[in-house]
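Note sheet for the following structure.
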Amino acid sequence: MPDVQKIDAQNGDATEGQNGACNTAVPGSYLENNSGRPDQTACSLPQGLSVTELMEAVNGVSKMSIAHEIVVNQDFHMEEMDLSPDSLESKIKETMHNAFWDHLREQLTATPPDYTYVLQLLKEIKEILLSLLLPRQSRLKSQIEEVMDVELLKQEADHGALDVSHLSTYILSMMTMLCAPVRDEEVQKLESIADPVQLLREIFHVLGLMKMDMVNFTIQSIRPHLQEHSIQYERAKFQELLQRMPNFLDHTTKWLSQAAAEVVTPPPPSCDPPEQIISSPADETMKGNAIISPSMVLNQGYMNLLHWDPDNEEFPETVMMDRTRLQEIQFQLNQLTILASVLLVTNSYCGPKLPSSPQFVDRLKQIIKVLLEGNQSRLNEALLSISDQVLQEIQQALTDLNLPALSKDNVASLSGQIHSVAKEDNCVRSIIDQRIRLFLKGCLIRGVQPSLRDLPGGITAIEEELAEMGQRFSCLILHNQQVFGPYYADILKKVLFSPQESEVSMDST
């Protein structure tokens, strides 16, 4: 998920960028591939870029990525960086911080005291306090600038008259006034610290957390404004990037060309649906159409992103910012395919009463979800556990209803069918996968609610889960299409139409 960015407020170190703002990483995006290594192909960076041009491009990508993340991810926020105590980075940071604060203590206990480090700290604390103010708090701003005037403090230090204790008390009073309610307890604890060096260290730490709170408040405040203008902003930033790197749509062009080829020559169905899966009207309306339109190609391209090979680094540039989210949807789709497949083969052995009980179906769903969670890579093992648990639930439910238990043959057959769902070419699993993808494509074409009203057979038991996934997927794709639609139109003109047909055909869509 990409829903959290982290800053370092550990050990009194509020990580800052060049402008004093919290340092944010560029969301998993144009600059890194899925493995976390710099991706030489993902960006297609031209060799002729100067260092300045490259930095400007990176800065543009960073701004666009963060704005996009704020708009599409309602849970996006900053949080404290949590390093493992045993990690090398944590040990190095701890050593360096301890060395700094130990040296500060030596300076203050020297005769006469050396205030070099203290002055630097007070300057940074002043900047943080000012950054926590709202525009209307002009009086507080003037007061902080007066009390913590750097030149005045330097003169006091030169004359040995700098009162660190008094300044710390003033800083605490400002922190009490400016902190969010969630930080009240942490600020109050600072008042009991008598050691001046330890107090400054803890002040700096809590100020880092307060600064993070202000960043999150700012994110929430600007989200409505960004949502209103995000389409134009992202498109403008992408255009700037495209001007610096003219080949930045190469992977997008290849992606849409492949989708067009698939629409023209759709692959044959993997197998005929088993008897348990009833066809729906949506199956017929979604089948091949003699007229190939740009929207059909684009929707096919979006659907192809849900079974993207992770080793294929030629991910379309226009959806790179959403790659992690699309991978999450792809994982969710795979989980729901297994869930619906198991439910389907289970219901065929339960008779008419159990499958018609919402409580029984919901209990099975919860059991299967729990056993599948975190075990997608060990699907065979998970299905063994699921089989045992499902059989226990069925036998118990039949007993409660005074119905005969499953025979040994049925138990063995049901167990075998559940185990076989682990095979990717399993017919039930293949059809369920096709039906879920059919539903998702319907969400793009007709919307989520109309697609829910016309669910293909075999997946009605997971309607609630499908509604959530369909809404998430369609919203993501709609935003992408609104931002990059003009670029897609230009590419599809060349892919689908002759030069004479291009303008007329695209205008008609």
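The chain is numbered in sequence order, starting from 1. We use all heavy atoms of the structure for the numbers below, so side chains are in, but hydrogens, waters and symmetry mates are not.
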* Asked: Got a sec, which residues hit side-chain hydrogen bond (donor to acceptor under 3.5 Å, both in side chains) with Gln232, two or more places apart in sequence or on another chain?
  -> none
* Residues that Thr460 engages under side-chain contact (heavy atoms from CB on, under 4.5 Å), provided they are two or more places apart -> Leu455
* To do: Check whether the side chains of Lys441 and Gln300 place a donor and an acceptor atom closer than 3.5 Å, and report yes or no.
  => yes
* Check against salt bridge (charged side-chain N to carboxylate O under 4.0 Å, His left out), Arg437 and Asp433 -> CA-CA 6 Å; Arg437 293 179 189 276; Asp433 179 77; 2.9 Å; yes
* Evaluate side-chain hydrogen bond (donor to acceptor under 3.5 Å, both in side chains) for Glu317 paired with Tyr487, printing each intermediate quantity in order. => CA-CA 11 Å; Glu317 298 89 348; Tyr487 301 102; over 6 Å; no
* Asked: Do you know which of Thr176, Ile171, Ile203 makes side chain to side chain contact (heavy atoms under 4.5 Å, CB included) with Leu190?
  -> Ile203
* For residues His479 and Glu234, is any side-chain donor paired with an opposing acceptor at under 3.5 Å? -> yes
* Option from Leu326, Asp322, Ile329 for which side chain to side chain contact (heavy atoms under 4.5 Å, CB included) with Leu305 holds -> Leu326
* Can you name the residues that form a salt bridge (Lys or Arg N to Asp or Glu O under 4.0 Å) with Glu185, not counting sequence neighbours? -> Lys189
* **Arg472: partners by side-chain hydrogen bond (donor to acceptor under 3.5 Å, both in side chains), with sequence neighbours left out** => Glu328
* Testing Thr337, Leu344, Val342 for side chain to side chain contact (heavy atoms under 4.5 Å, CB included) with Arg429, which one passes? -> Thr337
* Structure fact -> Minimal heavy-atom distance between Ala260 and Val495, with the atoms involved, is CB-CG1, 3.6 Å
* Can Gln258 and Asn304 be counted as having a side-chain donor-acceptor contact under 3.5 angstrom? -> no
* **By salt bridge (Lys or Arg N to Asp or Glu O under 4.0 Å) - contacts of Lys141 (at least two apart)** => none
* **Those residues that, when tested against Phe100, pass ring pair (Phe, Tyr, Trp, His ring centres under 6.0 Å) (two or more places apart)** => Tyr117
* Asked: In chain order, what residues pass the salt bridge (Lys or Arg N to Asp or Glu O under 4.0 Å) check against Lys126, with sequence neighbours excluded?
  -> none
* Structure fact -> Those residues at least two apart in sequence (or on a different chain) that pass side-chain hydrogen bond (donor to acceptor under 3.5 Å, both in side chains) with Gln120 are Glu124
* Does a donor on one side chain and an acceptor on the other come within less than 3.5 Å for Thr318 and Tyr488? -> yes
* How would you list, by chain and number, every residue that makes a side-chain contact (heavy atoms from CB on, under 4.5 Å) with Ser87, sequence neighbours excluded? -> Leu83, Ser84, Glu89, Ser90
* Quick one: closest heavy-atom pair of Gln335 and Leu372, and the distance? => NE2-O, 3.6 Å
* To do: Report the residues that fulfil ring pair (Phe, Tyr, Trp, His ring centres under 6.0 Å) with Tyr302, sequence neighbours left out, ordered by chain and then residue number.
  => Trp255
* Asked: Considering residues at least two apart in sequence or located in another chain, which fulfil the side-chain contact (heavy atoms from CB on, under 4.5 Å) criterion with Arg453?
  -> Gln449, Pro450
* Asked: Of all residues at least two apart in sequence or in a different chain, which pass the side-chain contact (heavy atoms from CB on, under 4.5 Å) check with Met177?
  -> Leu140, Met174
